[in-house]
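Okay, so here's the structure we're looking at.
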Amino acid sequence: QVQLVESGGGLVQAGGSLRLSCAASGRTFSLYSMGWFRQVPGKEREFVAAISRSGANTYYAESVKGRFAISRDYTKNTVYLQMDALKPEDTAVYYCAPVTGTRSLPGFGSWGLGTQVTVSA
C-alpha cells in the first residue's frame with residue numbers, strides 16, 4: 001500500500017495558477033501510474049489527470065486539457081499538478097492516487113485528506 005499527502009491548494013482568482021504536490025510513501029512509488037482527482041460536495045470524485053509509471057505518457061480530462069500539466073519526480077516520490085488559467089469550476093478538493101487508466105487502483109490503500117482549491121470569479 002502507498003500513503004499519500006496532498007498539498008499546495010489555496011484561494012486564487014480566475015485566470016491564476018497553482019501547483020499541487022502529492023508526496024507518496026513507500027518504495028513502490030515508481031511501480032504505479034499516478035493520477036489526480038477532484039471532488040465537490042454532493043458529487044462523485046472525478047478524474048483530472050494521470051501520468052504513466054515511466055512518466056512518458058500523460059492523460060487529461062477534457063475539462064482541463066491545455067490548462068493543467070501533471071508530472072512526477074522519482075527522487076522525491078512526488079507527483080505534481082500544475083494548474084494554469086484556473087476557472088471557478090475548478091474549485092474542489094484535489095486528491096492523488098495510484099491509477100489504472102482513469103480510475104483509482106483498487107486496493108491501493110486510503111485516500112489522503114486532499115487539498116482545497118478555491119477559484120474566485
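Position 1 is the first residue of the sequence; numbering continues from there.
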Quick check: is Y74 connected to L81 through a chain of hydrophobic side chains (ILVMFWY, heavy atoms under 4.5 Å apart)? yes
Is R53 atom CZ crowded by more than 12 heavy atoms from other residues, nucleotides or ligands, each under 6.0 Å away? no
Atom OG1 in T115, atom OH in Y94: separation rounded to 0.5 Å? 10.5 Å
Verify the cluster assignment for L86 and Y80: are they in a single hydrophobic cluster under the rule of side-chain heavy atoms below 4.5 Å apart? no
Does any non-hydrogen side-chain atom of F37 lie less than 4.5 Å from one of V99? yes
Aromatic rings W111 and Y95: how do their planes relate, parallel, tilted or perpendicular, breaks at 30° and 60°? perpendicular
Does E44, at its CD atom, have more than 12 non-hydrogen atoms belonging to other residues, nucleotides or ligands within less than 6.0 Å? no
Using 0.5 Å steps for rounding, measure from the CZ atom of R45 to the CZ atom of R103. 13.5 Å
Sequence neighbours excluded, the answer for side chain to side chain contact (heavy atoms under 4.5 Å, CB included) partners of T102 is F47
If you count every heavy atom of other residues, nucleotides or ligands that lies below 6.0 Å from Q3 atom CD, does the total exceed 12? no
Approximate separation, where rounding is to 0.5 Å, of S30 OG and N77 CG: 7.5 Å
Contacts under 3.5 angstrom, residues 5-21 side chains, donor-acceptor by atom type, not counting sequence neighbours:
residue: E6; atom: OE1; partner: G114; partner atom: N; Å: 2.9
residue: E6; atom: OE2; partner: C96; partner atom: N; Å: 3.1
residue: S17; atom: OG; partner: D84; partner atom: OD1; Å: 2.7

